[in-house]
Visitor: 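One structure coming up, written as structure tokens, with questions to follow.
Proteins come first, then strands; the chains are lettered A, B, ... in the order of their sequence lines, and each starts at number 1. Not measured: the values here are computed from a predicted model.
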Amino acid sequence: MEAILRGLTEAQREAVCHVEGPLLVLAGPGSGKTRVITHRIAYLLAQGIPASQILALTFTNKAAEEMRSRVQALAPGEPVWIGTFHRFCARLLRSYAPLVGLQENYTIYDAEDSARLLRRVLAELKMDLLRSTPETAATAISWAKNNLIRPEEYVSQPGHPLGRVIPEVYRAYHAALLAANAADFDDLLLHTAVLLRENPEIRQELDARYRFILIDEYQDTNLAQYAIARALSIDHPHLAVTGDPDQSIYGWRGANLNNILEFERDFPQVRVVRLEQNYRSTRRILRVAAELISHNIKRKQKDLYTENGLGRPVRLVCYPTHQDEARDIAEQIAQSVRSGQRRYRDFAVFYRINALSRTLELALRAAGVPYQLVHGVEFFQRKEIRDLLAYLRLLNNPRDEEAFLRAIQSPTRGVGKTTLDRLQQFARQEGVPLLEAVRRAEKIPTLDRRARAKLAEFAQLWDRLAQAAHRPVEEILGLVLSETGYRDQFDADTEEAQQRLANIEELLTACREFDEHYTGGNPLEDFLEQASLVSDTDPWEAEQDTVTLMTLHASKGLEFPVVYLIAVEQGLLPHERSRDNLDELEEERRLMFVGMTRAQEQLQISYARYRDFRGQRKMTIPSEFLLELPRAEMELVDLESAMRIGPGEDLSLETAEESTLGERTTGKKFPGSSSENRVAHLSGRPKLRTAAELAGQPPPPTISPDEFSHGMLVLHPQYGLGRIVALSGSGPQRRATVDFLAGAGRKKFLLHQSPLRPVQRNSNGPSQ
DNA sequence: TCTGTGCACATTTTT
DNA sequence: TGTGCACAGA
């Protein structure tokens, strides 16, 4: 007990020692949330609550893993069930599969399987998608499932571009899933929620079995997850949730912020604990982040504070181009490591979209800085892995159509589209799985002799494989490889082939490791479940001494001494797709908040005046979020100006106002490099945009003075982005006071002769 | 049935 | 710029 409570703050202790009844822990970034959860589990155990009555649910395997090992350290040997929502549901459904229309050996379809199935369904329905992509339909279906709307309950959504056709597509897609004895990720939750809703005695039994439920990252739950959590907390409402509404960045995946915002309404007896003290970041970083997030309307007010030191100012840097941005960051890092102040692993660079990593990679490589990119093609997404797993899946669930179609076409064996079409037609007519149709190939009149022979061959192959279905998985996979000659298709001379062959070896190793630790009675089924619910076989290596490059989304939950946040520009952050939706705009702001609060000691935010995007150079507009940051805690660096002060440079564009910005805008404060070598390393490149370059820009939209409004974002050719804070007069006399970003301060303009132009939010983002 | 080429398109992605 | 998909030809 001593060990469990030692070192906890008052607030943390309050949460840890809460035993019965609902609990809501609002935990700001870096406030020791995981610590509270794990210690609370240990505390419950110490109170004599059986481990089997405790259920801890997370969103990621990584979080579950972390929690498990920390609980293990505090309370060794206690078998508390800790895992992801999806895995919990998958387990439950194995026991109750028939009640939701599945068999217990059902297959879990991941995003790619689902997409392929949906595409097939769409092709079959010959639906006119009205210029929309299958993606749009997939999103609509996923949305419905996340909101517990079953196919038969789904009605056209007014306003949705595909409103009229979605119901039919949804129904057909869902029927196809059931026919394949498969569940997609959303189904795992939906089926479980429905199961609990429609079977009171099962719900009651599970409610009693899992009396103490803990849910992490509660702000990311969707309606289905919410329903499951509630259903298991009716008779025993000891539901403890932790989360931070300000870090909800998965709204687009169905997360419903209201679940946490309205938790207190759902459970009036709830005890609310706020963890507002931050142990991670400097005071300045925290203040800047807190100020940004305070601009969100939909949130619970939190007062973040820290006892950490003030720290350095948050740097806001304007670079001439994205290459300058990348090069400078690479140089800063290289220098910092060279001087012995830091290690590579102290640094992380975050960006909104993966496509932005390329320039950085080039610059880091040029500077000899080692880095790791977090994302890329995940192990289980690779074609050769999916191909081989398809065999295993089909062995486990002979009705799995996606697996069948994949297996029979790889390696290619003379069975093509035509044959498969005819096979499917026959299978549908007879109401049998495709694998069964293959066995009856002789009876399919539309098939020619050659096709029948090929199918018969496949049937024989299958008979040989099926004999091994209950063997250890490594053995099954080995047999698949030898019987199909799968490896033969790779010409070992190419690097790509080498890589693929190596991946196959890795899969064999994964199988072997699974077999070694496996104690259950159905290795194949359990291996497949694990394979489909675990994506991080290529994990981020925290131990490696390299710089980390990742998207803002991927950064959640991590921390680094030094963080760079790049390309903070309209259209990228906030992303243009969140343009006309306040909720989405707020999510973008949260995304930036999450990124900023990853930083422990130093934070640099940057944007570039020009950025190449999709092969074209575009002038950018700094992010509107930059206007929301408190200048007092920051250091503004405009490298565009700094660079112009080189020998032989044209200073003619420097205005009186710009010069008065004085030292604030010079490169002098730049740690790790003087303005001299800055100019040097940039020399040889055009410092000023040529007329031709500028001519390529779309003409600014002009509007009459009366159309400017209070609060409007405006762009000035020299001062950049600003916001109108005051207006007076009308017509030619109309004047505006504008607050500019980037140190230009507050200026007044006679609108009808000013070069100000309004910024439609994002309308001039780099991606247009 | 397989392979190459042109064209449209383009966030984020815990499971 | 880069990729993935559709369609055309061997």
Visitor: Can you tell me the distance, in whole Å, between the CZ atom of A:R358 and the P atom of B:dT11?
Guide: 14 Å
Visitor: Which nucleotide sits closest to the side chain of A:T419: B:dT1, B:dT13, B:dT15?
Guide: B:dT1
Visitor: From CZ of A:R119 over to C1' of C:dC5, roughly how many Å is that when rounded to an integer?
Guide: 9 Å
Visitor: How do A:A554 and A:A451 order along DNA chain B: which one's closest nucleotide is nearer the 5' end?
Guide: A:A451
Visitor: Can you see whether A:Q219 engages A:Q247 through a side-chain donor-acceptor pair at a distance of less than 3.5 angstrom?
Guide: no
Visitor: Using atom C1' in both nucleotides, what's the gap between C:dC5 and B:dT12 to the nearest angstrom?
Guide: 23 Å
Visitor: With rounding to the nearest 0.5 Å, note down the distance linking CE in A:M592 to CZ in A:R589.
Guide: 10.0 Å
Visitor: Decide yes or no on salt bridge (Lys or Arg N to Asp or Glu O under 4.0 Å) for A:R590 and A:D244, but give the supporting numbers first.
Guide: CA-CA 10 Å; A:R590 290 194 293 269; A:D244 180 2; over 6 Å; no
Visitor: May I ask you to evaluate whether A:N354 reaches the phosphate of B:dA10, defined as a side-chain N or O under 4.0 Å from OP1 or OP2?
Guide: no
Visitor: Do we count A:H86 as stacking onto B:dT15 if the rule is ring centres under 5.5 Å and planes under 30°?
Guide: no
Visitor: Quickly work out the A:L362 CG to C:dT1 P distance and round it to whole Å.
Guide: 13 Å
Visitor: Taking N and O atoms by type only, does the side chain of A:R352 place a donor or acceptor under 3.5 Å from a partner on the base of B:dT12?
Guide: yes
Visitor: When you measure from the side chain of A:W252, which nucleotide among B:dT11, B:dT12, B:dT15 comes out closest?
Guide: B:dT12
Visitor: Which whole-number value in Å describes the distance from A:K556 NZ to B:dT13 P?
Guide: 12 Å
Visitor: Does OP1 or OP2 of B:dT15 have a side-chain N or O of A:N61 closer than 4.0 Å?
Guide: yes
Visitor: Nearest to the side chain of A:T551, heavy atoms from C-beta on, is which of B:dT13, B:dT1, B:dT14?
Guide: B:dT13
Visitor: For the pair made of CZ in A:R614 and C1' in B:dA10, what is the distance, rounded to whole Å?
Guide: 4 Å
Visitor: What's the CD1-C1' distance between A:I566 and B:dT11, to the nearest Å?
Guide: 15 Å
Visitor: Let's see if you can work this out: which of B:dT15, B:dT11, B:dT1 has an atom nearest to the side-chain heavy atoms of A:F185?
Guide: B:dT15
Visitor: Check whether the side chain of A:R253 and the base of B:dT15 form a donor-acceptor pair under 3.5 Å.
Guide: yes
Visitor: Side chains of A:E457 and A:L461: does their closest heavy-atom pair fall under 4.5 Å?
Guide: no
Visitor: I would like to know whether A:R393 and A:R406 meet side chain to side chain contact (heavy atoms under 4.5 Å, CB included); could you show each step before the answer?
Guide: CA-CA 11 Å; A:R393 281 167 44 176; A:R406 198 175 255 283; over 6 Å; no
Visitor: For B:dT13 versus C:dG4, give the span between their P atoms, rounded off to a whole number of Å.
Guide: 16 Å
Visitor: Which of these nucleotides, B:dT12, C:dC5, B:dT15, is closest to any side-chain atom of A:T84?
Guide: B:dT15
Visitor: Tell me which nucleotide among B:dT1, B:dT11, B:dT14 gets nearest to the side chain of A:H575.
Guide: B:dT11
Visitor: Measure NZ/A:K62 against P/B:dT14 and give the value in whole Å, please.
Guide: 10 Å
Visitor: A:D220 has a side chain; which of B:dT1, B:dT14, C:dT1 sits nearest to it?
Guide: B:dT14
Visitor: Taking atom C1' in both B:dT14 and C:dT3, compute the distance separating them and give it to the nearest angstrom.
Guide: 25 Å
Visitor: Would you mind classifying the nucleic acid contact of A:R450 as base, sugar-phosphate or nothing, using non-hydrogen atoms under 4.0 angstrom?
Guide: sugar-phosphate
Visitor: A:D216 pairs by side chain to side chain donor-acceptor pair (under 3.5 Å) with which of A:T58, A:T242, A:T60, A:T34?
Guide: A:T242
Visitor: Does the aromatic ring of A:Y250 sit over the six-membered base ring of B:dT13, closer than 5.5 Å centre to centre and tilted less than 30°?
Guide: no
Visitor: So is A:R94 actually on top of A:Y106's ring, under 6.0 Å and inside 45° of the axis?
Guide: yes
Visitor: State which of B:dT12, B:dC2, B:dT15 makes the closest approach to the side chain of A:T412.
Guide: B:dC2
Visitor: Can you check the A:D612 CG to C:dG2 P distance for me, whole Å?
Guide: 11 Å
